[in-house]
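Before any comments, here is the structure.
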Amino acid sequence: MSGRGPLGRLDWLTVILYVLLVFIGWINIYSTSLSDTDTSLFDFSTMYGKQMLFIGLAFLGIVFVLFVESNFFERFASIFYVISIVLLLGLFVFGKTIAGATSWYDLGFFNLQPSELAKVATALALAKFLSDIQTDIRTRKHQMYAVIIILLPAILILPQPDPGSSLVYFSLFFVLFREGFPLFYLGLLIFMVVLFATTLMFGTVWVVLGMITLALLMYTFKRASVKIPLLPVLGTIVLATLFSLSVNFVYENVFEQRHRDRFALWLGLEKDEKKLEEIKKTIGYNTYQSEKAIESGGSFGKGFLEGTRTKGDFVPAQHTDYIFSSVGEEWGFLGTTTVIILFTVFFLRLIHIAERQKNDFSRMYGYGVISLLVFHYFINIGMVIGLLPTIGIPLPFFSYGGSGLIFFSMLLFIFLKLDSNRLKDGI
């Protein structure tokens, strides 16, 4: 839609989908956190009451975004990025520890998680760098700068420790590939992930033997007309060996025991049946109960406020990371399918908006928004249904939490503001 004011030029289909997701998320937070002693929707000591406040703060942030000039975000993208890096560094001195991670600033009435702000700032900074007329992503120097922009906040978040939030930043590599980053690096990234997992499962010795065997088979059965340089192959094996050797150090010294237990459960690393059973009852308990809650919902669910597992607090963190399990229990297959369809239409609409941008900064930022939101969505849903390990990533616009909702909302509406500027200029 178009119009004269900033509201009239917004893509209202996206806004409606956003409001629906926030509303359905709040309904499920209400259901998971309501107790027998609660008497008012506006009891701000409750989680659903606090989330209502967070929604109000998110709307104030949206109003701010919509009524500033669009070029404000491009002009100050670098400053936002620097501020977010300083805030992440400050956590090592002033941070508040919650659930084993020093990821928050205690502001009294509100715990600020700067990693959420850093997602917005990093998407803006990356778009600004890539859209600069002097940037050529085909050159090694500019490729390195772009990678540093993405990895710097991730590196600062990892030792908090918060590997889940750190992992999110890797989704921004999609923006690089969309803008011409060599696909060789995508293959390298996939190779590193596979190498990491196989090292944990089989050990460095077997991984190296496997690579040598593959190299020998490749040379044995290659066509005579095909030339495969020996030095690059040897170099790849050496570097892969060094990476494999580093895996155990990272696994033992960077990851906490809870993270190691999750990988052990997911990859089947633990062979001791007693210890494996203990892990399932502790680290794997959330996922197990989440799966059972979704299964118990059947086709149409048990009904609003009728979820026995929800009411019995069987699923820990059900109002945050496992909020989707409450949808499955109370609203059944119909409810989970509806939520998935809403998210799918939402993402497809964002891709459509990104593709219609004529301004490079707007398009690149739009794909940054899409990458971050889609990554959160797939990881969270995969985690809740047991396909992926629990790494503490919330469902956008759904999960309880002020920092997440506020900065996800601003992340989205900055993009919608940039798109509305396109309509203002008649493009």
Side-chain angles (χ1 to χ4, degrees), residues 2 6 9-11 14 64-88 117-156 168-189 347 349-375 407 410-427:
S2 62
R9 295 191 299 269
L10 279 179
D11 188 87
T14 305
F64 166 77
V65 167
L66 295 180
F67 284 91
V68 298
E69 290 296 323
S70 297
N71 59 9
F72 170 83
F73 302 105
E74 183 175 3
R75 187 187 310 161
F76 294 102
S78 300
I79 295 176
F80 295 147
Y81 183 75
V82 171
I83 291 172
S84 69
I85 295 300
V86 170
L87 288 173
L88 289 174
L117 168 62
K119 293 170 189 174
V120 183
T122 304
L124 286 169
L126 183 63
K128 181 176 177 62
F129 173 74
L130 294 175
S131 62
D132 192 292
I133 195 170
Q134 297 179 341
T135 299
D136 184 356
I137 198 62
R138 294 170 295 182
T139 65
R140 293 284 178 86
K141 181 177 73 172
H142 290 152
Q143 289 170 6
M144 182 183 68
Y145 290 159
V147 169
I148 289 173
I149 290 172
I150 294 173
L151 291 187
L152 183 55
I155 291 169
L156 294 176
V168 167
Y169 289 83
F170 285 85
S171 66
L172 291 172
F173 276 92
F174 174 76
V175 182
L176 300 186
F177 293 120
R178 170 63 177 77
E179 298 303 324
F181 204 62
L183 289 176
F184 162 78
Y185 294 108
L186 178 59
L188 179 62
L189 182 62
F347 294 142
R349 186 60 184 176
L350 291 181
I351 292 171
H352 170 75
I353 296 172
E355 282 296 318
R356 74 187 183 191
Q357 301 304 308
K358 303 302 181 183
N359 178 276
D360 288 342
F361 174 80
S362 300
R363 183 186 69 253
M364 294 169 184
Y365 176 73
Y367 273 106
V369 174
I370 295 164
S371 300
L372 290 167
L373 293 177
V374 169
F375 187 87
F407 291 118
M410 294 186 73
L411 178 80
L412 171 66
F413 277 86
I414 289 172
F415 180 40
L416 296 183
K417 173 66 176 181
L418 294 172
D419 178 62
S420 72
N421 192 61
R422 176 190 67 85
L423 293 173
K424 175 183 176 181
D425 295 337
I427 299 176

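In this text, all values refer to a predicted model and were calculated from it rather than measured experimentally. When a residue number appears, it is its place in the shown sequence, counting from 1. Heavy atoms only: backbone and side chains are in, while hydrogens, waters and symmetry mates are out.
Taking Ile133 as the reference, nothing meets the side-chain contact (heavy atoms from CB on, under 4.5 Å) condition, with sequence neighbours excluded. Residues passing the salt bridge (Lys or Arg N to Asp or Glu O under 4.0 Å) test with Lys119 are Glu116, sequence neighbours excluded. Take Phe73 and apply the ring pair (Phe, Tyr, Trp, His ring centres under 6.0 Å) test, not counting sequence neighbours, and it matches no residue. With sequence neighbours left out, Phe72 forms a side-chain contact (heavy atoms from CB on, under 4.5 Å) with Phe64, Val68, Phe76, Phe80. In this structure Tyr145 satisfies the ring pair (Phe, Tyr, Trp, His ring centres under 6.0 Å) test with no other residue, sequence neighbours excluded. Taking the salt bridge (Lys or Arg N to Asp or Glu O under 4.0 Å) definition, one finds that Asp132 meets it with nothing, sequence neighbours left out. Looking at residues two or more places apart in sequence or on another chain, you find no side-chain hydrogen bond (donor to acceptor under 3.5 Å, both in side chains) involving Thr122. Contacts of Tyr367 classified as side-chain hydrogen bond (donor to acceptor under 3.5 Å, both in side chains), with partners at least two apart in sequence or in another chain: Glu355. Applying the side-chain hydrogen bond (donor to acceptor under 3.5 Å, both in side chains) test to Thr14 and every residue at least two apart in sequence or in another chain returns Asp11. In terms of the side-chain contact (heavy atoms from CB on, under 4.5 Å) criterion, residue partners of Arg140 (sequence neighbours excluded) are, by chain and number, Gln143, Tyr185. Residues that satisfy the side-chain contact (heavy atoms from CB on, under 4.5 Å) test with Ile83, not counting sequence neighbours, are Ile79, Leu87.
A pairwise comparison of heavy atoms in Val147 and Phe173 identifies CG2-CE2, 3.9 Å as the closest pair. In terms of heavy-atom proximity, Gln357 sits nearest to Phe415 at CG-CE1, 4.4 Å. In terms of heavy-atom proximity, Leu412 sits nearest to Val369 at CA-CG1, 4.4 Å. For the residue pair Pro182 and Phe177, the shortest heavy atom distance occurs at O-CE2, 3.3 Å. In this structure, Val65 and Phe413 approach most closely via the heavy-atom pair CG1-O, 3.4 Å. The heavy-atom pair separating Phe174 from Ser371 by the smallest distance is CD2-OG, 3.3 Å.
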Pair Leu350-Leu373, side chain to side chain contact (heavy atoms under 4.5 Å, CB included): steps then yes or no | CA-CA 10 Å; Leu350 291 181; Leu373 293 177; 4.0 Å; yes
List the steps, then state whether side chain to side chain contact (heavy atoms under 4.5 Å, CB included) holds for Leu176 with Leu130.
-> CA-CA 8 Å; Leu176 300 186; Leu130 294 175; 3.7 Å; yes
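Taken to the nearest 0.5 Å, the CD1 atom of Ile155 stands 11.5 Å off from the CD1 atom of Ile150. For the atom pair NZ (Lys417) and CG (Leu66), the distance works out to 6.5 Å, reported to the nearest 0.5 Å. Taking CG of Leu151 as the reference point, atom CG of Leu156 lies at 11.0 Å (rounded to 0.5 Å). In this structure, CG on Asp419 lies 9.5 Å from OG on Ser70, to the nearest 0.5 angstrom. In this structure, CG on Leu126 lies 10.0 Å from CZ on Phe361, to the nearest 0.5 angstrom.
Inter-residue side-chain proximity for Val374 and Ser171 is flagged as unmet; no heavy-atom pair is nearer than 4.5 Å. Inter-residue side-chain proximity for Ile149 and Leu172 is flagged as unmet; no heavy-atom pair is nearer than 4.5 Å.
The salt bridge (Lys or Arg N to Asp or Glu O under 4.0 Å) contacts involving residues 363-374 comprise Glu179-Arg363, Asp360-Arg363, where partners must be two or more places apart or lie in separate chains.
Looking at Tyr365, its side chain does come within 3.5 Å of a backbone N or O of Leu411 through a donor-acceptor pair.
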